[in-house]
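So the structure is just underneath, and the comments pick up after that.
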Amino acid sequence: MPLYKVRAPALPLPTPEYLQAQQDQFQNVLRLYFNRVDNALFTLSGPTGGAALEFPYGAFYSTATKTAAAINTAYPITLNSTTSSNNIDLDATYPSRMVAAVGGVYNFQVSIQMTNQTATSTNGYIWVWGRINGADIAYSASKIELSGTSPDEVHFADTFVVELAPSEYFEVCWATDNLDCKLLSEVATSFAPASNSINVTATCVSAVYA
């Protein structure tokens, strides 16, 4: 059941003298208003009340394989597709940035498909971490080793809970010490859909309290 917005009614102006019709109109306006308030509270307090609330959210991914131009260099991971979103959107100019229109505490869940396609049996490392407004989040990096003994593939997942003000943005960054290490996207097969190099889902979990 949708949650209809409740606004204070425009009460009829009183007349200098008591009029039964004016009093009846006044009571009817209040009765309708309180009925709407009751309905809204009943919807929220019911077993499915949470379904009536709207929260900012977003789901984004990239269909492109990511390669590094230089070792030990930070690269924001760009995203080229949106599954769905509400008040969290990709920046049109910098598509690594997920911009919050509404301030709050957000949970960003990240999954990345990694590969080491070296032909020289050289192990490699990939680092992944989060940024807010271009600043690295302290102690947010993960270091993942990829074997060079064969084309090694690893699925990596992490969660970042961050506080964003309106118009602030979050992005995921990566770096590697081996240019054969990549973030891998693969085409569909006859039995499975295509796989993305990165998937990010964002949900607002709380307002910000002082």
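Asp180 contributes atom CG, which lies 11.5 Å from atom CD1 of Ile71 (distance to the nearest 0.5 angstrom). Note that the CG atom of Leu179 and the CD atom of Gln117 stand 12.5 Å from one another [nearest 0.5 Å]. Atom-to-atom distance recorded for Asn116:CG and Ile126:CD1 is 8.0 Å, nearest 0.5 angstrom. A distance of 7.0 Å separates CD1 of Ile88 from SG of Cys204, quoted to the nearest 0.5 Å. Note that the CD1 atom of Ile198 and the OG atom of Ser111 stand 7.5 Å from one another [nearest 0.5 Å]. Summarising the geometry, atom OG belonging to Ser206 is positioned 12.0 Å from atom CG belonging to Asn107; distances are rounded to the nearest 0.5 Å.
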Take Lys66 and Tyr75 through the side chain to side chain contact (heavy atoms under 4.5 Å, CB included) test and state the conclusion after the steps.
CA-CA 10 Å; Lys66 313 294 183 182; Tyr75 295 99; over 6 Å; no
With side chain to side chain contact (heavy atoms under 4.5 Å, CB included) as the criterion, how do Ile144 and Val154 come out once you've worked through the C-alpha distance, each side chain's angles and the decisive distance to 0.1 Å?
CA-CA 9 Å; Ile144 304 95; Val154 173; 4.1 Å; yes
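By the 4.5 Å heavy-atom criterion applied to side chains, Leu90 and Met98 are counted as neighbours. Side-chain contact check for Val105 versus Val162: every heavy-atom pair is 4.5 Å or farther apart. Counting only heavy atoms from C-beta outward, the side chains of Met114 and Leu184 never approach each other to under 4.5 Å. Contact annotation: the side chain of Tyr61 never approaches that of Val200 to less than 4.5 Å [non-hydrogen atoms, C-beta and beyond]. Side-chain contact between His155 and Ile112 is absent, with no heavy atoms from C-beta onward closer than 4.5 Å. Contact check for Leu183 versus Ile77: side-chain heavy atoms found under the 4.5 Å cut-off. With a 4.5 Å cut-off on side-chain heavy atoms, Asn80 and Pro95 do not count as touching. In this structure, Phe55 and Val102 have side chains that are not in contact, with every pair of non-hydrogen atoms separated by 4.5 Å or more.
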Under 3.5 Å, sequence neighbours excluded: what are the donor-acceptor pairs made by side chains of residues 129-142?
residue: Trp129; atom: NE1; partner: Asp136; partner atom: OD1; Å: 3.0
residue: Arg131; atom: NE; partner: Asp136; partner atom: OD1; Å: 2.6
residue: Asn133; atom: OD1; partner: Tyr169; partner atom: N; Å: 3.0
residue: Asn133; atom: ND2; partner: Glu168; partner atom: OE2; Å: 3.1
residue: Ser140; atom: OG; partner: Gly130; partner atom: N; Å: 3.3
residue: Ser140; atom: OG; partner: Ile137; partner atom: O; Å: 2.7
residue: Ser142; atom: OG; partner: Asp158; partner atom: OD2; Å: 3.4

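The two residues Thr63 and Ser185 have their closest heavy-atom pair at O-OG, 2.8 Å. Minimum interatomic distance between Ser147 and Asp152 (heavy atoms only, all atoms of both residues): N-OD2, 2.8 Å. For the residue pair Cys173 and Pro76, the shortest heavy atom distance occurs at SG-CA, 3.9 Å. Annotation for Tyr57 and Ser84: closest pair CE1-OG, 3.7 Å, computed over non-hydrogen atoms.
Judged by a 6.0 Å distance limit and a 45° cone about the ring axis, Arg36 is not positioned over the six-membered ring of Tyr33.
Although no hydrogens or angles enter the test, the distance criterion places no donor-acceptor pair under 3.5 Å between the side chain of Tyr94 and the main chain of Thr78. With hydrogens and angles disregarded, a donor-acceptor distance shorter than 3.5 Å links the side chain of Thr189 to the backbone of Phe191.
For Thr115, there are no side-chain hydrogen bond (donor to acceptor under 3.5 Å, both in side chains) partners, not counting sequence neighbours. Under the side-chain hydrogen bond (donor to acceptor under 3.5 Å, both in side chains) criterion, Glu145 pairs with Asn123, not counting sequence neighbours. With sequence neighbours excluded, the residues forming a side-chain contact (heavy atoms from CB on, under 4.5 Å) with Gln20 are Tyr18, Asp24, listed by chain and number.
For the residue pair Lys182 and Thr176, no side-chain donor N or O sits within less than 3.5 Å of a side-chain acceptor on the partner.
Here ring pair (Phe, Tyr, Trp, His ring centres under 6.0 Å) pairs that include residues 104-127, with residues two or more places apart or in two chains, are Phe108-Phe170. Each side chain to side chain donor-acceptor pair (under 3.5 Å) pair with one or both residues in residues 195-205, not counting sequence neighbours, appears once here: Gln113-Ser195, Asn196-Asn199.
Using a 4.5 Å cut-off between side-chain heavy atoms of Ile, Leu, Val, Met, Phe, Trp and Tyr, with links allowed through other members, Leu32 and Phe26 fall into different hydrophobic clusters.
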